[in-house]
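Labels below follow one simple rule: chain letters A, B, ... track the order of the sequence lines, proteins then strands, and each chain is numbered from 1.
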Amino acid sequence: MTEPSPTSIKDALQSTAPIDAIQVQGWVRTRRDSKDFSFIELNDGSSLRNLQIIARNVLRNYADVQRLTTGASIIVSGALVASQGKGQKWELVADKIDIVGGSDESYPLQKKGHTPEFLREIAHLRPRSNLFGCVFRVRSRLAFAIHQFFQERGFIYVHTPVITGSDCEGAGELFRVSTIDIKNPPRKNGEIDYAQDFFARQTYLTVSGQLEAEALALALSKVYTFGPTFRAENSNTSRHASEFWMIEPEMAFCDLNGNMDLAEELVKYLIADVRKHCSDEMELFAKFVDKELLERLDFVVDRPFQRIMYSDAVDLLKKSGEKFEFPIDYGLNLQSEHERWLTEKRFKCPVTVFNFPKEIKPFYMRLNDDGKTVAAMDLLVPGIGEIVGGSQREERQEALEENMRRHKMDPADYKWYLDLRRYGTAPHSGFGLGFERMLMFITGVPNIRDVIPFARTPGSAEF
RNA sequence: UCCAGCGUAGCUCAGUGGUAGAGCGGUCGGCUGUUAACCGAUUGGUCGUAGGUUCGAAUCCUACCGCUGGAGCCA
């Protein structure tokens, strides 16, 4: 006897006609007994929705079926028919139910709702919950939409190294990569001799693919990276993780304005794409996570982002009459509370701040003609803060070397990076978009730990 | 790393010095084309850990651990 090949529950529910013989497989969400049969809510993760299975008492193993509990895995064959009950269009009347993997009353996911904090402790089971199923389906779609956006625009996807030798990329603490025996390291003149390490030098996990992406952009014109990034900062907040994914486009012959345009276009594109392709998931977020989510996202897609120079932002903040905990003055970094005021109170929309004082930005950013500011930009969104950070890069060799010296870096250590300016240099720009922060913004989920399947944060690398 | 708050049943929480509680869940029974079903019964605890104060500590004190929120750093 040949079984029909399995149909996803998503496809089954989208059927336009009854199907005599269909097979589905998944995990039991709930089961209710009726007089002569049992209702099983089955979910296979293909969508938020469950398929209602009618298990009649004529089934050979009906006694076992009645003992099925939440969490069990089963394979069901039968007929897809119009549902007699309200609440669903289709249901599956089972001819056969194979119990693949049992479960019992200790299964932690109950019919009742759970807090995200509790579910975080069972990260291996939480994908089976409605909320996390939705988050991870949207995560997948968002990743796809990112590639689609860049590929449609002629960008080349490049892979920059995860292991890097650059330790001065100006972005946070690094995780060391080494095969040296830490209990008995080789030494030279009392110091650990990294010349004997695996790569014959000190190496780290990447904090950014930007420097390498610049090399590729100055050959392929428009490139982007999309990969994991690691920061060893002891940050304990709802929007920092030690391991996260970042998108870094880099464009040759592009100035800061082109850069800001692209960032804005990308953010809007991604929101619109997920709104269109994950409507069930977005409805769930709007209902259970953030009531104002859809309204805010639509507003962001419809309106141009506010662009404001750093110096003007400082003036606005000074004149705001608002009582801030931290001082605001030209030359100081904008604090979270200042960013919040700009996006949430003053403009009520994403804000791109640009042209920052050179003193508070890294060495690779291009010095403006005023000699005081660099062509940097931060895209701030309500509720999250900085979601994009980017700049026009310093393409002039002399100026770049001067920046390095000012940042107490030795240009000799960056020979290859300077070569890019020595041979066929060109104005170029790029930015970094935090993938998880974008996902938080789109889903409304307020903690970065809940948009990563198995999050890594200081003191926590379980699973 | 700093500041604040919280750790009590599987989950969400109440209990503020004197016999450890509720709702939900689970289990059993009833009813039922149900759908966070309904009705009844029942099950459930080293009160985060270790010290201390007290006749007596879930409750007060100290330390540690964990979680949450905020800050710094950033994406």
Check: residues 451-463 of chain A side-chain donor-acceptor pairs under 3.5 Å, at least two apart:
from: A:R456; atom 1: NH1; to: A:E462; atom 2: O; distance (Å): 3.1
from: A:R456; atom 1: NH2; to: A:F463; atom 2: O; distance (Å): 2.8

Selection residues 441-450 of chain A - residue pairs positive for salt bridge (charged side-chain N to carboxylate O under 4.0 Å, His left out), sequence neighbours left out: A:R120-A:D450, A:R126-A:D450
Check: A:H240 side chain, B:C74 base, donor-acceptor under 3.5 Å: yes
Which residues share a side chain to side chain donor-acceptor pair (under 3.5 Å) with A:N50, sequence neighbours left out: A:E41, A:N43
Between protein and nucleic acid, restricted to nucleotides 46-49 of chain B and to nitrogen or oxygen atoms under 3.5 Å apart, what atom pairs and distances do you find?
none

Touch class at under 4.0 angstrom, heavy-atom based, for A:S83 against every strand present: base
Going by atom type alone, with no hydrogens or angles, which donor-acceptor pairs under 3.5 Å involve a side-chain atom of residues 351-360 of chain A and a protein atom two or more places apart or on another chain?
from: A:N355; atom 1: OD1; to: A:N368; atom 2: ND2; distance (Å): 3.1
from: A:K358; atom 1: NZ; to: A:G371; atom 2: O; distance (Å): 3.2

Review item, side-chain donor-acceptor pairs of residues 321-331 of chain A, under 3.5 Å, at least two apart:
from: A:E322; atom 1: OE2; to: A:K345; atom 2: NZ; distance (Å): 3.0
from: A:D329; atom 1: OD1; to: A:K318; atom 2: NZ; distance (Å): 3.1

Pairs under 3.5 Å (N/O, protein and nucleotides 36-45 of chain B):
from: B:A36; atom 1: N1; to: A:K112; atom 2: NZ; distance (Å): 3.0
from: B:A37; atom 1: OP1; to: A:K111; atom 2: NZ; distance (Å): 3.0
from: B:A37; atom 1: OP2; to: A:R32; atom 2: NH1; distance (Å): 3.4

With A:F244 via ring-ring contact (aromatic ring centres under 6.0 Å, His included) - residues at least two apart: none
With sequence neighbours excluded, residues passing ring-ring contact (aromatic ring centres under 6.0 Å, His included) with A:F149: A:Y269
A:D413: partners by side chain to side chain donor-acceptor pair (under 3.5 Å), with sequence neighbours left out: none
Selection residues 12-23 of chain A - residue pairs positive for salt bridge (charged side-chain N to carboxylate O under 4.0 Å, His left out), sequence neighbours left out: none
Check: B:C73 base within 3.5 Å donor-acceptor of A:S235 side chain: yes
Within residues 428-449 of chain A: residues closer than 4.0 Å to RNA chain B (heavy atoms): A:G432, A:G434, A:R437, A:N447, A:I448
